[in-house]
Amino acid sequence: MWNVFYKELLEVLRDKRTLMFMLLMPAVIFPALTFGYIKLASDKAQQEGTRELRYALVASDGAPLLRAVLEAAPLLKPVPAASEEAAVAGIRAKQIDFAVIYGAGGEQAILAGQQPQLSLRYDTAIVFDSVGKRVKPLLSAAYTDKLRGERLAVLGVAQGASASLSAPFTLQVSSTASDRQEQGEKIGAMIPYLLFTMGLFASIAVAIDMGAGEKERGTMESLLLLPLSRASLVVPKFLVILCAAAISGGIGITSMGICASYVLGNAGGELNAITRYIQLPELLMLGLLILPAYAMVSALLLSISFYARSHKEAASYSQQTMIMVFLPIMASMLPGMKLGDGWSLVPIINTSLAIKEVVKGTITVADYASVFASTLAVAGLLLALSVYWCKREEVLFRS
């Protein structure tokens, strides 16, 4: 059996295309694309956050209090607009970023005890809402406080009393979660996606060649003539696929960690911070946790490769496997998903949730064992399916 393992492993190491998927992609290409995107997104967000915004103020009374608040705010430039229609036209023509439009009466109506409408008009079909992040707080906090103070002064309320009326209490919010738990909740959900992606690419390239590739080369018959049971032929192929996935995933997560720690530096933010909490014990726990998941995917891909008539058909089936893997990972990112609700028995979802709990430092022994055992059981069933396909010659040699 081990001779078959060494033979399959040697063929993998001789295949440059497979080595590229197994070594080059997780070590260089995938981290470069990922962190290149993160750096570009960070730079663009910073650029958009510091961009000067042009605005138009339309009010019948000139809204002196609002004008003072907007003029005191940094990176805001007034642009004259005669009417609401002119301001909206300027926004659509990209000459104005936003317009603040008062209804009938303007500020004087507020001071007289009325409640006019104040409209904030801008283009919301954007990814980074700089107007919402910078202008809405001005209107809801600074400008509202100023108006409230003026209104209470008109009513004859003393300045000290008006402060207690506008803010009757101070709210202090403190989290019971540690910094590690907060960072792990934000970043931990992405680690399963990265691990599965890098492991899946490598295992697909290797698995297709193990079954469908043997058929096309005409070497499957030679293997079946060996004095070995079908299980002794399938298990070595399965182990080679599993090794490819584990090596690719290990190289990928190491490379990603190095990039987060040294390449991005302080710009890495939360991704850089989470590397402080993933030390050797956490790495060992993550490795043991992802191995059964890799074994499950490897066994599934091997059974597909045995079932497929050709290399092309196996590649087509394997692409559908990626959907089967990534959809559960996305489901594990939904709000309220946790291992305690029975999800510890659902493949892929359980591993994703458990990885996040390991990163947060909140995983329990019972949950860890449940995820490990259930995933390993599914992997065993899929490996048995591969052996079953290998025993049926009408499947192996169907045309």
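Each residue takes its place number in the sequence, starting with 1. Note that the structure is predicted; figures quoted are calculated from it, not measured.
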Is there a side-chain contact between Val58 and Val100 (heavy atoms, below 4.5 Å)? no
Hey, does Lys146 have a side-chain heavy atom less than 4.5 Å from the side chain of Val69? yes
Shortest non-hydrogen contact from Ser310 toward Ala212: O-CB, 3.5 Å
Please report the interatomic distance NZ(Lys356) to OG1(Thr351), rounded to the nearest 0.5 Å. 13.5 Å
Does the side chain of Leu76 reach to within under 4.5 Å of the side chain of Glu71, using non-hydrogen atoms? no
According to a hydrophobic-cluster definition based on side-chain heavy atoms being under 4.5 Å apart (Ile, Leu, Val, Met, Phe, Trp, Tyr only), do Phe196 and Ile191 belong together? yes
Quiz: residues 236-248 side-chain donor-acceptor pairs under 3.5 angstrom, not counting sequence neighbours:
unit_1	atom_1	unit_2	atom_2	d
Lys237	NZ	Glu8	OE2	2.6
Lys237	NZ	Met210	O	3.0
Lys237	NZ	Glu214	OE2	3.1
Ser248	OG	Met198	O	2.8

For residues 199-208, run the donor-acceptor check on the side chains, cut-off 3.5 Å, and write out each pair with its distance to 0.1 Å, sequence neighbours left out.
unit_1	atom_1	unit_2	atom_2	d
Ser203	OG	Gly199	O	3.0
Ser203	OG	Leu200	O	3.0

Once side-chain hydrogen bond (donor to acceptor under 3.5 Å, both in side chains) is applied, do any residues pair with Thr197, and if so which ones, sequence neighbours excluded? none
Near Glu52 CD, under 6.0 Å, is it more than 12 heavy atoms from other residues, nucleotides or ligands? yes
Can you tell me how far CD of Gln108 sits from CG of Leu65, rounded to the nearest 0.5 angstrom? 8.5 Å
Are any side-chain N or O atoms of Ser386 and backbone N or O atoms of Ala299, one a donor and one an acceptor, separated by less than 3.5 Å? yes
Where do Ser370 and Leu345 come nearest, in terms of heavy atoms and distance? OG-CD2, 3.7 Å
Check whether any side-chain N or O of Arg230 sits under 3.5 Å from a backbone N or O of Cys390 as a donor-acceptor pair, and report yes or no. yes
Listed pairs under 3.5 Å, donor-acceptor, residues 319-338 side chains, sequence neighbours left out:
unit_1	atom_1	unit_2	atom_2	d
Gln320	NE2	Ser316	O	3.4
Thr321	OG1	Tyr317	O	3.3
Ser332	OG	Ile329	O	2.5

Pairwise side-chain contact, Leu376 with Met296, heavy-atom cut-off 4.5 Å (strictly under): no
Enumerate the residue pairs fulfilling side chain to side chain donor-acceptor pair (under 3.5 Å) with a member in residues 371-380, sequence neighbours excluded, ordered by first and then second residue. Asn350-Ser374, Asn350-Thr375
Show every ring pair (Phe, Tyr, Trp, His ring centres under 6.0 Å) that has at least one partner inside residues 67-97, sequence neighbours left out. none
Whether the side chain of Thr254 engages the backbone of Gly250 through a donor-acceptor N/O pair (distance < 3.5 Å, no angle test) should be reported. yes
When you look at CZ of Arg121, are more than 12 heavy atoms from neighbouring residues, nucleotides or ligands closer to it than 6.0 Å? no
Side chain to side chain, Asp145 and Arg148, heavy atoms closer than 4.5 Å: yes
Nearest 0.5 Å please: distance from the CG atom of Leu118 over to the CG atom of Leu139. 6.0 Å
Please answer whether the main-chain N or O of Leu300 pairs with a side-chain N or O of Ser303 as donor and acceptor at a distance below 3.5 Å. yes
How would you list all residue pairs meeting side chain to side chain donor-acceptor pair (under 3.5 Å) that involve residues 359-368, not counting sequence neighbours? Glu185-Lys360, Glu357-Thr362, Thr364-Asp367
Presence of salt bridge, Asp97 and Lys77, under 4.0 angstrom: no
Expected output: side-chain Ser60 to main-chain Ala104 donor-acceptor under 3.5 Å: no
Indicate the atoms forming the closest heavy-atom contact of Gly249 with Leu195, along with that distance. O-CD2, 4.0 Å
Shortest non-hydrogen separation from Ala27 to Ile251 and the atoms involved: CB-CG2, 3.5 Å
Decide yes or no for Val297 and Leu301: does some side-chain heavy atom of the first lie under 4.5 Å from some side-chain heavy atom of the second? yes
For Tyr294, all residues meeting side-chain hydrogen bond (donor to acceptor under 3.5 Å, both in side chains), sequence neighbours excluded: none
Scan residues 39-83 for pairs that pass ring pair (Phe, Tyr, Trp, His ring centres under 6.0 Å), counting only residues two or more places apart or in two chains. Tyr55-Phe98
Are Leu288 and Val371 co-members of a hydrophobic cluster defined by side-chain heavy atoms under 4.5 Å apart? yes
Short question: side chain of Ser232, backbone of Leu228 - any donor-acceptor pair under 3.5 Å? no
Would you say the side chain of Leu75 lies within less than 4.5 Å of the side chain of Arg134, judging by non-hydrogen atoms? yes
Between CG on residue Leu339 and CG on residue Leu353, distance to nearest 0.5 Å: 5.0 Å
Residues pairing under ring pair (Phe, Tyr, Trp, His ring centres under 6.0 Å) where one sits in residues 332-362, two or more places apart or in two chains, turn out to be none
Just to verify, what does Ser318 make a side-chain hydrogen bond (donor to acceptor under 3.5 Å, both in side chains) with, not counting sequence neighbours? none
Kindly compute the distance separating CG (Leu111) from CG (Leu147), expressed to the nearest 0.5 Å. 7.0 Å
Start with the C-alpha gap between Asp123 and Lys94, add the side-chain angles, then the distance that decides, and say whether salt bridge (Lys or Arg N to Asp or Glu O under 4.0 Å) holds. CA-CA 9 Å; Asp123 183 8; Lys94 306 300 181 183; 3.2 Å; yes
Going by atom types only, do Tyr143 and Glu107 share a side-chain donor-acceptor pair under 3.5 Å? yes
Over all atoms of both residues, closest heavy-atom pair of Met22 and Pro26: O-CG, 3.2 Å
Enumerate donor-acceptor pairs with a distance under 3.5 Å from any side-chain N or O in residues 124-131 to protein atoms, sequence neighbours excluded.
unit_1	atom_1	unit_2	atom_2	d
Asp129	OD1	Tyr122	OH	3.4
Asp129	OD1	Gly132	N	2.9
Asp129	OD2	Tyr122	OH	2.9
Ser130	OG	Glu48	OE2	3.3

Side chains of Arg180 and Gln183: does their closest heavy-atom pair fall under 4.5 Å? no
So, does Arg54 use its side chain to make a donor-acceptor pair with the main chain of Ile91 at under 3.5 Å? no
When rounded to the nearest 0.5 angstrom, what distance separates OH in Tyr388 from OH in Tyr307? 11.0 Å
